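Read through the structure below, which is laid out as structure tokens, and then see the notes.
All values below were derived from every heavy atom in this structure, side-chain atoms included, with hydrogens, water molecules and symmetry-related copies excluded. Just so it is clear, the structure is predicted and the values come from calculations on it, not from any experiment. Below, chain A is the first sequence line, B the second, and so on; all start at residue 1.
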Amino acid sequence: SSDFDIHDEL
Amino acid sequence: MNIFRLVGDLSHLLAIIILLLKIWKTRSCAGISGKSQILFAIVYTSRYLDLPNFVSMYNTLMKIVFIAASYATVYLIYMKFKATYDHNHDTFRVEFLVLPSFVLALLINHDFTVLEVLWTFSIYMESVAILPQLFMVSKTGEAESITSHYLFALGSYRALYILNWIYRYTTEDHYDLIAIVAGIVQTVLYCDFFYLYITKVLKGKKLQLPA
């Protein structure tokens with residue numbers, strides 16, 4: 001799924 | 001973290017360092033679009049407002065480096081080496097990129113909050129931020145080799161991220177459609193340049209567009 005709470009990529 | 005993402009980030013970092021070094025060593029920003037560099041500073045600023053959300057040391061450090069380097073680049077172009085800035089050829093109308101990116105971020109996002117809309121805006125903005133630079137190259141019909149290396153490293157980074165997203169989808173079931181679609185658009189914009197880079201620059205020729 002798309003977890004947009006924390007964007008872990010740069 | 002996987003190999004595609006790591007090499008992608010390193011390629012991104014390399015691009016930024018190449019550009020800063022090129023300007024610093026030659027004491028000139030000739031052939032570089034200041035407008036693209038301002039757009040990148042806007043991209044990093046609006047994306048990394050989530051800096052307090054700690055992910056990892058790596059993540060925090062890279063964000064700080066990207067923000068600092070983008071402002072340093074803008075400073076070199078518009079202040080320190082202003083006299084060498086080729087503004088006559090840097091005529092792309094950036095409002096045609098900034099406004100649509102912002103409106104699209106308001107319409108298509110994961111969550112309608114300030115931070116999330118700005119993050120989304122940065123993703124859309126980044127996908128087209130290189131256009132003033134590519135426009136400048138097409139207008140002058142050529143690019144110095146070092147500028148070509150910069151563009152190649154910068155373009156490769158998002159292409160490597162696409163491989164990272166495929167890898168993450170298959171191994172973690174993780175995906176982010178906004179980043180994926182924008183990342184594909186971003187990479188496609190470089191295709192023409194990649195072709196010229198491989199067929200000309202890598203063979204020792206200058207990147208020169210057919211008249």
Side-chain angles (χ1 to χ4, degrees), chain A, chain B residues 1-2 4-6 8-13 16 43-44 46-56 58-67 109-113 115-120 122-123 126 157-158 160-162 164-165 168-169 172-183:
Chain A
S1 66
S2 165
D3 55 329
F4 49 79
D5 299 324
I6 289 185
H7 298 289
D8 65 339
E9 290 175 345
L10 294 164
Chain B
M1 179 66 80
N2 56 65
F4 305 113
R5 158 106 198 263
L6 180 65
D9 285 346
L10 293 179
S11 176
H12 192 183
L13 192 62
I16 290 169
V43 164
Y44 302 131
S46 52
R47 185 172 310 167
Y48 300 151
L49 289 173
D50 69 351
L51 205 56
N53 287 343
F54 185 78
V55 178
S56 65
Y58 172 84
N59 190 281
T60 302
L61 205 70
M62 291 293 255
K63 284 176 175 175
I64 292 172
V65 169
F66 286 159
I67 293 175
N109 52 59
H110 291 309
D111 194 10
F112 199 71
T113 61
L115 272 189
E116 193 56 34
V117 168
L118 285 173
W119 177 88
T120 312
S122 83
I123 293 289
E126 183 190 345
Y157 128 75
R158 223 47 176 173
L160 286 158
Y161 256 66
I162 294 174
N164 156 55
W165 292 323
R168 289 191 73 174
Y169 180 69
E172 302 167 38
D173 218 23
H174 166 99
Y175 70 94
D176 184 331
L177 263 185
I178 288 178
I180 292 171
V181 174

* **Check: Glu9(A) and Asp176(B) side chains under 4.5 Å, non-hydrogen atoms** => no
* Interchain contact, Asn59(B) with chain A, by part (heavy-atom threshold 4.5 Å) -> both
* Asked: So which part of Tyr48(B) gets closer than 4.5 Å to some heavy atom of chain A, the side chain, the backbone, both or neither?
  -> side chain
* To do: Check the surroundings of atom CZ in Phe112(B): do more than 12 heavy atoms from other residues, nucleotides or ligands lie under 6.0 Å from it?
  => no
* Asked: Between OG1 of Thr120(B) and NE2 of His7(A), what distance do you get to the nearest 0.5 Å?
  -> 6.0 Å
* Asked: chain A: which of Tyr161(B), Tyr169(B), Tyr44(B), Tyr157(B) shares the most heavy-atom pairs with it under 4.5 Å?
  -> Tyr161(B)
* Enclosure of Tyr58(B) OH (heavy-atom neighbours >12, cutoff 6.0 Å) -> yes
* **Where Leu10(A) and Phe66(B) come nearest, the two heavy atoms and their spacing** => CD1-CE1, 4.0 Å
* **Short N-O contact, Asp8(A) and Arg168(B), less than 4.0 angstrom** => yes
* **Leading residue by heavy atom contact count with chain A [cutoff under 4.5 Å; candidates Arg5(B), Met62(B), His12(B)]** => Arg5(B)
* To do: Counting only heavy atoms closer than 4.5 Å, note whether Asn164(B) contacts chain A via side chain, backbone, both or neither.
  => side chain
